[in-house]
Amino acid sequence: MMQRSIILSLLVIFLCCTGAYSQQATSGHKARRIDRGINTGIPFGYKGEVIMGTTASYGTLTSEDSNILVYLDNINIDGTITTVKPFIGYFYRDNRCIGVRFGYQYIDGDLGNLDLDLGEQNDISMSVEGLQLINNSMSASIFHRSYVSLDNKGRFGLFAEIEASAQMGKGEFLNSSGEVPKYTKSENMKFELGFNPGVAVYIFPSVCATVSIGLGGVKYASITQYDELNNKVGSREASKMQFRLNVADINFGMVIHLWSKKKK
């Protein structure tokens with residue numbers, strides 16, 4: 001339900017911004033404004049501006065979400081994903097910004113019990129319990145944003161962001177289902193080239209609120225696992241290219257424009 005509410009809110013913001021622009025473009029019989037397109041309107045960000053801000057996301061997974069998994073029963077699961085990413089950028093020209101971003105992500109999951117039943121025809125069933133996962137990771141990236149203003153005052157806008165990032169982290173996994181608990185550690189590394197479009201709105205002359213959605217990209221990940229004695233027990237690598245809407249990668253942000261020229 002929370003994911004549906006977020007997506008509906010994004011659609012409402014986009015439709016409102018688009019409607020406001022269309023009304024201004026057609027008022028007063030100014031047909032030439034439509035011919036020139038919205039790229040030639042008032043800039044959303046001006047050359048020479050420096051922006052500082054942060055994006056954040058928080059997601060939870062509980063047993064209440066298990067109604068979409070019809071083959072799973074007796075689920076007792078609780079998990080959270082928290083991400084914070086501060087950044088700084090510079091407008092090298094109007095509506096064009098390049099910057100760097102740093103991030104921290106924390107994942108905490110606890111699977112108390114889970115039963116899998118594929119029916120009598122498949123004769124496959126299993127039960128899993130007592131699993132715990134904690135993962136901490138740090139990331140650094142460079143990004144490029146292209147803005148488009150939707151109104152003649154430059155208050156509402158859309159942006160397309162391309163980001164190249166590197167992420168490194170450590171995880172802890174505990175399996176206490178057996179007589180002897182099993183503990184493993186992992187070192188994770190991931191490189192990604194992603195596409196993150198979004199909506200931006202000035203709530204004050206120099207303060208802007210943003211909402212962005214991850215649409216996938218190209219990813220490479222490497223994981224190495226160790227036991228409680230730091231002996232290597234396994235490793236794997238994976239890479240993929242995928243472009244699709246990821247409702248788990250919705251970020252809300254706040255941006256401050258330093259030396260803003262919008263008020264001049």
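For the numbers below, each heavy atom of this structure counts, side chains included, while hydrogens, waters and symmetry mates do not.
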Measuring from atom CZ of Phe91 to atom CZ of Arg96, what distance do you get when rounded to the nearest 0.5 angstrom? 10.0 Å
Only counting residues at least two apart or in another chain, list the ones meeting side-chain hydrogen bond (donor to acceptor under 3.5 Å, both in side chains) with Asn135. Asn188
Side-chain heavy atoms of Tyr46 within contact of His257, under 4.5 Å: no
Is the closest side-chain heavy-atom distance between Glu172 and Asn136 below 4.5 Å? no
What is the minimum heavy-atom distance between Ser186 and Ile223, and which atoms define it? CB-CG2, 4.1 Å
Determine whether a donor-acceptor pair (N or O, by modelled atom type, separation under 3.5 Å) exists between the side chain of Asn196 and the backbone of Ser212. no
Looking at NZ of Lys85 and OG of Ser57, how far apart are the two atoms once the value is rounded to the nearest 0.5 Å? 7.0 Å
Spell out, as yes or no, whether a donor-acceptor pair under 3.5 Å connects the side chain of Asn95 to the backbone of Phe44. yes
Results of salt bridge (charged side-chain N to carboxylate O under 4.0 Å, His left out) for Glu163 - residues two or more places apart only: Arg101
Can you check side-chain hydrogen bond (donor to acceptor under 3.5 Å, both in side chains) on Tyr147 and Asp94, steps first, answer last? CA-CA 9 Å; Tyr147 287 85; Asp94 290 352; over 6 Å; no
Applying side-chain hydrogen bond (donor to acceptor under 3.5 Å, both in side chains), name anything that partners Tyr220, two or more places apart in sequence or on another chain. Glu237
Thr210 to Ala200 - nearest heavy-atom pair and separation: CG2-CB, 3.9 Å
Hits for side chain to side chain contact (heavy atoms under 4.5 Å, CB included) against Thr82, two or more places apart or cross-chain, chain-then-number order -> Tyr58
According to side chain to side chain contact (heavy atoms under 4.5 Å, CB included), who are the partners of Met254, at least two apart in sequence or on a separate chain? Ile203, Val207, Ala209
Side-chain contact, heavy-atom cut-off 4.5 Å: Leu158 with Val199? yes
Using the test side-chain hydrogen bond (donor to acceptor under 3.5 Å, both in side chains), find all partners of Ser165 that sit at least two apart in sequence or belong to another chain. none
When you measure from the side chain of Asp227 to the backbone N and O of Thr184, does any donor-acceptor pair fall under 3.5 Å? no
Phe243 to Met241 - nearest heavy-atom pair and separation: CE1-CG, 3.7 Å
Has Ser149 got a side-chain atom pairing as donor or acceptor with Ile42's backbone, closer than 3.5 angstrom? yes
Just how far is it from atom CD of Glu192 to atom NZ of Lys240, taken to the nearest 0.5 Å? 9.0 Å
What's the spacing between Asp108 CG and Leu133 CG if we round to 0.5 Å? 8.0 Å
Residues which pass side chain to side chain contact (heavy atoms under 4.5 Å, CB included) with Glu228, listed by chain and number, not counting sequence neighbours: Tyr183
Hey, what do you get for CZ (Phe87) to SG (Cys97), rounding to the nearest 0.5 Å? 8.0 Å
Salt bridge (Lys or Arg N to Asp or Glu O under 4.0 Å) contacts in which one or both residues fall within residues 140-150, not counting sequence neighbours: Arg145-Glu161
Looking at Ile256, I want to see if its CD1 is surrounded by more than 12 non-hydrogen atoms of other residues, nucleotides or ligands under 6.0 Å. no
Close side-chain approach of Gln105 and Ser139, heavy atoms under 4.5 Å: no
I'd like to check the ring pair (Phe, Tyr, Trp, His ring centres under 6.0 Å) partners of Tyr226; sequence neighbours left out, ordered by chain and number. none
Crowded around Ile162 CD1? As in, over 12 foreign heavy atoms under 6.0 Å? no
List the residues meeting side-chain hydrogen bond (donor to acceptor under 3.5 Å, both in side chains) with Gln225, not counting sequence neighbours, and say none if there are none. none
Partner residues of Tyr106 under the ring pair (Phe, Tyr, Trp, His ring centres under 6.0 Å) criterion, sequence neighbours left out: none
The side chain to side chain contact (heavy atoms under 4.5 Å, CB included) partners of Tyr90 (sequence neighbours excluded) come to Val50, Tyr92
